[in-house]
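The next block holds one structure in the form of structure tokens; read it before the comments.
Values reported hereafter were calculated over all heavy atoms of this structure, with side chains retained and with hydrogens, waters and symmetry mates removed. Throughout, protein chains are lettered first and strands after them, A, B, ... in sequence-line order, and every chain is numbered starting at 1.
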Protein chains: 2
Amino acid sequence: MTVTIKDVAKVANVSYSTVSKALNNSPLVKEATKKKVLKVAKELGYEPNLAAKQLVSKRTEVIGLVWPTIERIVLATLVTNISNAFKQTPYSMILSVDTPETAMETFRKFSVDGIIAFAESDLPLESFANIPVVNYGVYKQGDVSYPTIDANHEKAIELAVDHLHRQGHKHIVYAGLLDTTDPLQIEKVESYRKAMKKFSIENCIHEVDTKGLDWQDGYHAVDKILQSDPIPTAIIGGSYDISGGIVRALQEREISIPEEMSIVSYDNIPQMETMEVPMTCVGVPVNELAKEIVSSIIDLIEEKEEDAWIKKLTPVLTVRESTAFNK
Amino acid sequence: MTVTIKDVAKVANVSYSTVSKALNNSPLVKEATKKKVLKVAKELGYEPNLAAKQLVSKRTEVIGLVWPTIERIVLATLVTNISNAFKQTPYSMILSVDTPETAMETFRKFSVDGIIAFAESDLPLESFANIPVVNYGVYKQGDVSYPTIDANHEKAIELAVDHLHRQGHKHIVYAGLLDTTDPLQIEKVESYRKAMKKFSIENCIHEVDTKGLDWQDGYHAVDKILQSDPIPTAIIGGSYDISGGIVRALQEREISIPEEMSIVSYDNIPQMETMEVPMTCVGVPVNELAKEIVSSIIDLIEEKEEDAWIKKLTPVLTVRESTAFNK
DNA sequence: TTGTACGCGTTATCAG
DNA sequence: CTGATAACGCGTACAA
């Protein structure tokens, strides 16, 4: 026995169409009646029936998110942030952990109003009818099929190099995944080279291949880093996990951070704060990223400007305790 | 312009109620008409409208899954398997990455027919009206509030010890998280002790605290393991990640698996097969777990037997290349 | 075996 | 400003 607008109407002594208007904050109803209706609705514990709403309005206010297969903490954090960002809006979000194809099927079944996907997901281009899609991440070969949001990776790396350079570091090593076809990783190394050139320390360019993006990859890269001559005074870690591994390995060798080695990490997520050493990092703060993604998909839904565009978000440098002046 | 049963009816030259019956495989329509309707429906690309269906039938055939906050690969795999298991059923699954409270709100908004949660999630007990819930995992202090499915952890560990013991191992070390309040971890160590006793090798009981459940925790535990005297000939790794770290550390020390060291891992997921060394493991196969969870929640929904029970699933030993006879 | 008519809870369009 | 009333797409008694 769920309570409907009719029940509310009866108790509030108005017609149920008035209740509907009041509930939707229509200007066509007197402030007093609106108040009364709202009060009664609350008292009765009225909950709008999504199905009925959708049936008539053709909209669900639900957005589907295609969860990528790979589980990296940064993405998990992003997903959580996106989910939170939706709480400020009338929209809800549902997740699918399936293949893009199955995900699409589910989303069509739920008739979501929009879809968020990550570049890695490789959405099927067809079969979309007219559901707006927003994409996050670097698109391969610039074939922008959907409106895409991305961080300005180049700028981010430049911020990192700039920060370290200002602190007197020259021998700045970049530790990341080098041997790969992942466009994001490639863009990061290339930006590193560019930035080193920009600050005229290209003779110090020094890249270490972590061969992966995980904790252990960073951990093992430290060996290679410490074998070089001269030993760098600063490291740019290519991902949250990599940097974590680097820190651990340095600690075990009793190399103090930041006195003997400065570290800046790529990715800007709250977890950077609570690492073994609070981490200086560069990147678009994940909550901003989330906010932008959410507002983009909503704009797309509500305004239907179907042009494919790319929006590059501006990263910031967050200084913490893992970097210091080079003495 | 979505296609409805009326459109199908027109094309198939029947009334739309007949279409409805045909689509629902009602015995009240002739086989021939049913076939024709189904064919037309497919041709027109008919998709049932969930909202309308729900509005009249009061059921959504949707089940909500409360995604736990902690991201461990085993759970991710379980979630994926659950999602797959639903594909064999008329039900769909939606995921929430929010707090249990917000998740519940979302699920009520979608009026899901049932909920799956993990023990860690600590669901709010009230506010459930009458939505069936199935729980996965060890419940604290045995206060079984919801029907609960769990693996028989004790039996699993016993299988591991038994297997190693049969292979002539006596010095079997258990490497897992010891100093914790997590009931699952506690149950695992205790079962280890029990099993060692059962096979009368309790004088060899040897536990190493990994202080965590991650890759690096296993990796670092190897030091401690190798320092002991006598050095054990076999290791039981407390989780997928722990075992991965152990394998890596052993490889780096050129200790060959399984010739010099046998390893059995807790958790039974397909990824065990593709580890550096294909891993012998114990646990309830994750797809079985998923199947059981799914069928339980569906039974609960369709039969409404609201008693709280615990179902302990029987684990199996999967022998691969990480274990061998002790010589 | 098939078709008709009603209702599910809501929004939106008109009259009042 | 407020109140009837017609959709929305589907399931289902009930009638044919």
Side-chain angles (χ1 to χ4, degrees), chain A residues 1-41 44-62 90 92 108-113 129 302, chain B residues 1-41 44-62 90 92 108-113 129 302:
Chain A
M1 256 342 283
T2 55
V3 22
T4 75
I5 45 171
K6 293 192 182 170
D7 300 318
V8 177
K10 236 172 264 165
V11 178
N13 263 320
V14 289
S15 80
Y16 71 84
S17 73
T18 304
V19 173
S20 173
K21 283 171 202 148
L23 256 26
N24 289 300
N25 203 20
S26 155
L28 298 171
V29 26
K30 219 188 338 186
E31 207 48 51
T33 7
K34 197 183 288 185
K35 278 234 174 71
K36 188 172 67 181
V37 170
L38 255 36
K39 183 160 152 275
V40 173
L44 263 48
Y46 166 78
E47 291 256 12
N49 181 318
L50 238 206
K53 221 178 209 167
Q54 165 181 2
L55 192 55
V56 42
S57 71
K58 298 298 193 191
R59 300 174 59 251
T60 50
E61 302 202 317
V62 172
S92 321
R108 251 186 319 141
K109 176 173 166 192
F110 280 92
S111 38
V112 298
D113 289 343
E302 297 181 351
Chain B
M1 253 344 279
T2 55
V3 23
T4 76
I5 45 172
K6 290 190 185 172
D7 301 317
V8 177
K10 236 173 262 164
V11 177
N13 263 318
V14 290
S15 82
Y16 70 84
S17 76
T18 304
V19 174
S20 171
K21 283 169 201 149
L23 257 26
N24 290 301
N25 203 20
S26 156
L28 298 171
V29 321
K30 223 191 328 190
E31 205 50 48
T33 6
K34 197 182 287 183
K35 278 234 174 70
K36 188 173 67 181
V37 169
L38 254 35
K39 184 160 150 275
V40 173
L44 264 46
Y46 166 77
E47 290 257 11
N49 181 317
L50 239 206
K53 221 178 208 167
Q54 164 181 3
L55 195 53
V56 41
S57 70
K58 298 298 191 193
R59 300 175 60 249
T60 51
E61 301 201 320
V62 172
S92 319
R108 246 181 328 137
K109 174 172 167 193
F110 280 93
S111 36
V112 298
D113 289 343
E302 297 181 350

Range on DNA chain C touched by chain B, heavy atoms, distance below 4.0 Å: C/dT1 to C/dG9

Between OH on residue A/Tyr16 and CG on residue A/Leu23, distance to nearest 0.5 Å: 14.0 Å

Check ion pair A/Arg108-B/Glu47 (N to O, under 4.0 angstrom): yes

Intermediate values then yes/no, side chain to side chain donor-acceptor pair (under 3.5 Å), A/Ser111 and A/Gln54: CA-CA 9 Å; A/Ser111 38; A/Gln54 165 181 2; 2.7 Å; yes

Heavy-atom donor-acceptor pair, B/Asn24 side chain to B/Ser26 backbone, under 3.5 Å: no

A/Glu31 side, atom CD; A/Lys36 side, atom NZ - distance, nearest 0.5 Å: 13.5 Å

Nearest-0.5 Å distance that lies between atom OG1 in B/Thr4 and atom CG in B/Leu44: 9.5 Å

Pair B/Thr18, B/Ser15: side-chain N/O donor-acceptor within cut-off below 3.5 Å: yes

Letter per nucleotide, 5' to 3', of nucleotides 8-16 of chain D [B base touched, S only sugar-phosphate touched, - untouched; heavy atoms, 4.0 Å]: BBBBB----

Axis bend over the full length of the helix from C/dT1-D/dA16 to C/dG16-D/dC1, computed from five pairs that close each end, to 10 degrees: 50°

Donor-acceptor contact below 3.5 Å, side chain A/Ser57 vs main chain A/Lys53: yes

Backbone N/O of B/Arg59 and side chain of B/Asp113: donor-acceptor pair under 3.5 Å: no

B/Lys109 NZ: over 12 foreign heavy atoms closer than 6.0 Å: yes

